[in-house]
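The structure under discussion appears below in the form of structure tokens.
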Amino acid sequence: MTEIRETDAGEQERYLVDFDTDTLPYEFYDVVIVGSGIAGVYTALSTPRQAKILIITKDTIDINNSVLAQGGIAVSLDQNDSPHLHFQDTIYAGAGLCDKETVKVLVNEAAENIATLCLYGVNFDRDAERRLSLTREGAHSMNRIIHTGDATGKEVCDTLVRAVSDLDNVTIRERTFAIDLITQDNVCKGVLTCNEQGGDLKAYYAPIVVCASGGYGRLYASTTNPEVATGDGAALSFRAGAELMDLEFVQFHPTVLFHPDNQSFLISEAVRGEGALLRNLKGELFMENYHPMKELAPRDVVSRAIFQEMEKTGAQHVYLDITHKDRAYLEQRFPTIFKTCLSYGIDMSRDYIPVAPSQHYSMGGIKTDEWGKTRIQGFYAVGEAACNGIHGANRLASNSLLEGLVFGRRIGRQIAEHLDDLKKASGIKPSLRYHNTWIDKDVDAPKLIRQLQELMNHNVGIVRSKESLESAMERILQIRRELNHVRATDTTMMELKNMLFLSSLLVKAALMRQESRGAHYRSDYPQTDDQNWLNNIVFQGGNKDA
Ligand code: SIN
């Protein structure tokens, strides 16, 4: 029995709840996947059928960021395109911080994974010759985004979920919250879970755990991310001893609907790819003042340009203008966006669409190598939860669904190579007990979450400074101190602890990076510093389980 006590834990607890494996209900699997977006489900499909797999998901299987992805998937299929050009565009958008070897993997393995999606029956849009239709998005030098109208993520996820649901070796448990990774001597043993309310504590023991739980967009009040994106995967990984990297790089999508009743609906970059223009409140075009690629400049550049125009005109939004395209075309090419705008009284064939930037994607996450491995044996991360260096300081549009595919399949290949070892390590219950001296206290967790989100929006948004970051840090640490060792009795409280902890690391990284690079813009350090800059900022988790 390994007894774990909080000795040098400081404010950071190793586990969010007490448990004893002697009495804890449990099940055995070979592989547990946390998260049901494209990365999680495709990893399951890419893993040999001999492996007994469990997918757990916090809400229902269809609630995740991948499902909401509108634009598409980047892949160099045009006869004038190549993986090398895709590589160059990814590196350019990433503002000097991408891991070149991992980007090569991404672009070189793109086409074969898209072919697999087609075999599964994903219904991508095609041209008259039945070739996959290719559109353009920001910072791409070629048309290379395959899509299904403006609901690509939904089409891909629906198809993959149907395929995985047919597999006898895969079990899916919805409304299951991953509290913590169970480890012993830096070896992954499984996942500690509870139900939606925080009850029914249970362990799923497995020698392989894959974290595909998505990003941490909900640290911000205004985001395109669903409610589940509270960064639990990153927080639990860190508690278990994994490393977190590039947390300061938060992507703000330039064009999110700005309407009193909806400020989280994405207006896909593909709309600009098909010719939409940005106008300020006076109706003036402005992007040519900011970048030669104008509306199709890298996403961080467009978001900052909009931010500046909003500041100049004192407005809360700018406009997206695609009124030069006819209605029938827009209805067919962007059915979801067209219908949604119309439901708010905006006919995009006649009216400008009010838009503003909003948090959209977390470039940072759990540090992995090019095979999805973390520094904890048996623990992998993939998709938005992971940070393998392909996005650098600013993700190139439509590289994220692709990332889930390429690296999900690589994890499946790793598992296939070590299947015999995996089977030998399965079915073993670790002997562990965790007990903390908790304080019982009434906490209004939803209110504190809202306060944190507003704080992150205002102080750690598109433009940051030492002053705004230090003031955010002060407040975050104050709340963290108030909650130190306070018992988490429900999942909202667990989310709050995860969010507070991640925010403090994010702000710390943003303070450490005294330059502007990609999505990280400091008004007090507006230049990119190529002389004395910090490469990737990595925080090492505190593993106290041994
Ligand atoms: C979009 O459709 O604009 C989003 C695409 C992405 O985030 O890659």
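Note that ligands are numbered from 1 as they come in the structure, with each ligand's atoms numbered from 1 the same way.
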| field | ligand 1: protein residues within heavy-atom distance under 4.0 Å | value |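 Its neighbours under 4.0 Å (heavy atoms only) are Q70, G71, E137, H253, L266, S268, E269, R299, H360, R395, A397, S398, given by chain and number.
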| Under a 4.0 Å N-O cut-off, is there an ion pair linking E274 with R333? | yes
| task | Could you tell me whether E495 and R218 have a side-chain N and a carboxylate O separated by less than 4.0 Å? | result | no
| field | Pairwise distance NE2(H86) to NE2(H140) - rounded to 0.5 angstrom | value | 5.5 Å
| request: Quick one: list whatever passes side chain to side chain contact (heavy atoms under 4.5 Å, CB included) with L68, sequence neighbours left out. | output: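 Applying side chain to side chain contact (heavy atoms under 4.5 Å, CB included) to L68 gives N65, P226.
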| So, S264 side chain and T224 main chain: donor-acceptor pair closer than 3.5 Å or not? | no
| When you measure from the side chain of S82 to the backbone N and O of L85, does any donor-acceptor pair fall under 3.5 Å? |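 Checking the backbone N and O of L85 against the side chain of S82, a donor-acceptor pair under 3.5 Å is found.
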